[in-house]
Amino acid sequence: MVKDGDPSWKPTFIVKPDSGCQGDGIYLIKDPSDIRLAGTLQSRPAVVQEYICKPLLIDKLKFDIRLYVLLKSLDPLEIYIAKDGLSRFCTEPYQEPNPKNLHHIFMHLTNYSLNIHSGNFVHSDSTSTGSKRTFSSILCRLSSKGVDIKKVWSDIISLVIKTVIALTPELKVFYQSDIPAGRPGPTCFQILGFDILLMKNLKPILLEVNANPSMRIEHEQELSPGVFENVPSLVDEEVKVAVIRDTLRLMDPLKNKRENQSQQLKQPLAAKEDPSDSEPANASDSNCNPEAHLPSICLKQVFPKYAKQFNYLRLVDRMANLFIRFLGIKGTMKLGPTGFRTFIRNCKLSSSSLSMAAVDILYIDITRRWNSMTLDQRDSGMCLQAFVEAFFYLAQRKFKMLPLHEQVASLIDLCEYHLSLLDEKRLVCGRSGTSGGRPPDSGTPQEAAPSAQLAEGNPPSCTNSAHKFSHSRHALS
């Protein structure tokens, strides 16, 4: 449709089959009505992207960057980026795509698993030459040509943080369905493989995120026809060993305990030792700190370090928290009609212009449309994306005069405000019920669906006035 409406736009498209890996099944097309695309989409869904025609070239070759990102925790969100990565090169000099070279995979596709089969692939013992190099060697080369490397890294960090923020809401929904409630702190982590392309103007473009990036540190070498041997790859080893080692150092659950014990041991030693003799202290440090002999950590924290610059983007993340709160049954990832009604009622969103009957119709219409598009039909109910659409609709009704971003932010503030009042009331009612010798009307606030009594809209039998909990918030006035 876009192409038909703008004849001057003549893009190339890259088609990537769903659930594919290692470059399998990827191809380029010029015409969106290409018969191959129409045929394969029926049997195997695919991602179709506009192909980046003007990449940065080194030695006349196209390359991409694989960076490893540690998602240490979802709540609170903690993101680390490895300080070095891999640069994977094509093995045929690059030309902008045209009908004659669209099928030249060694020119257009940077996948290592494809290019290794090229006769031009170069295995190198150096990290700065060959068909696979360290990203730091590329930066060093760009720096020698006057490129502002700090700006390149800053743009990459921004890209990574924005991408993870976009992923986080749905990851939280999956997380709560799998991880038992009440477990303190993060109970799992993930190393993500970010594939990034630098354009000719040095702007980084996200190609894809790999949930299960390869951690192999060797490659197959053909000794004779049909006889292969695994040979260590110095480039892979330098980057990947550091990522695995330092991920385990950061995630070690006993690390804090050891550090506390180390501090306790240092105090009596410091009181006894002679200030002129430093050797015992150094020996003590090496004995108490098992990481003393290891190199400095290669993973750099970028979030929450730069949270102030990006928190404005976390609106959907806050919506996901609301969605999870009203899911109710542990393990489910879809919101039922009762949960949606409870959300509307507890957040005071119904009014004379939005009756509960209208709320039910809204739930049915949006849920039915999203369920018809999704491949996963195991659970019935409203998925997170459908909830977000309903939330946008409610925000636009409630705050008609504001821009969309402010509409959504204002509705989230309103919902969080009413829910905080509700939690405070429950807490006070629980305390008063316990002190009065009778069971409380509602329990301690939990990150789950509200109690049945509140779901029916009945106020808790508590005499404490609501004005104790009121907050003067300009956005809610």
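A heavy-atom distance below 4.5 Å is found between the side chains of Phe391 and Leu322. Proximity of Asn115 to Arg88: side-chain heavy atoms (C-beta onward) are nowhere separated by under 4.5 Å.
Between the Gln190 side chain and the Leu71 main chain, no donor and acceptor come within less than 3.5 Å of each other. In this structure, the side chain of Asn98 engages the main chain of Asn101 through a donor-acceptor pair within 3.5 Å. Formation of a donor-acceptor pair under 3.5 Å by the Asp64 side chain with backbone atoms of Asp195 is not found in this model. When atom types are taken as modelled, the side chain of Gln407 and the backbone of Ala395 share no donor-acceptor pair closer than 3.5 angstrom. Checking side-chain atoms of Lys62 against main-chain N and O of His108 turns up a donor-acceptor pair under 3.5 Å. Not one N or O on the side chain of Ser158 forms a donor-acceptor pair closer than 3.5 Å with the backbone of Ser154.
A donor-acceptor contact closer than 3.5 angstrom links the side chains of Asp84 and Ser136. Between the side chains of Ser137 and Thr127, not a single donor N or O lies within less than 3.5 Å of an accepting N or O.
Ion pairing of Asp246 with Lys300 is absent here, as no side-chain N (NZ or NE/NH1/NH2) approaches a carboxylate O to less than 4.0 Å.
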Report task. For Phe106 and His104, run ring pair (Phe, Tyr, Trp, His ring centres under 6.0 Å): C-alpha distance rounded to whole Å, both residues' side-chain angles, the deciding distance at 0.1 Å, then the answer. Result -> CA-CA 6 Å; Phe106 297 143; His104 290 205; 9.4 Å; no
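The aromatic rings of Phe340 and Phe387 stand perpendicular to each other, their planes meeting at an angle above 60°, with 30° marking the opposite boundary.
Under a cut-off of 6.0 angstrom, the local environment of CG in Asn201 is crowded, with over 12 non-hydrogen atoms contributed by other residues, nucleotides or ligands.
Closest of all the heavy-atom pairs between Phe174 and Met333 is CD2-SD, 3.6 Å.
From Ile156, atom CD1 reaches atom CD1 of Ile81 across 8.0 Å, with rounding to the nearest 0.5 Å.
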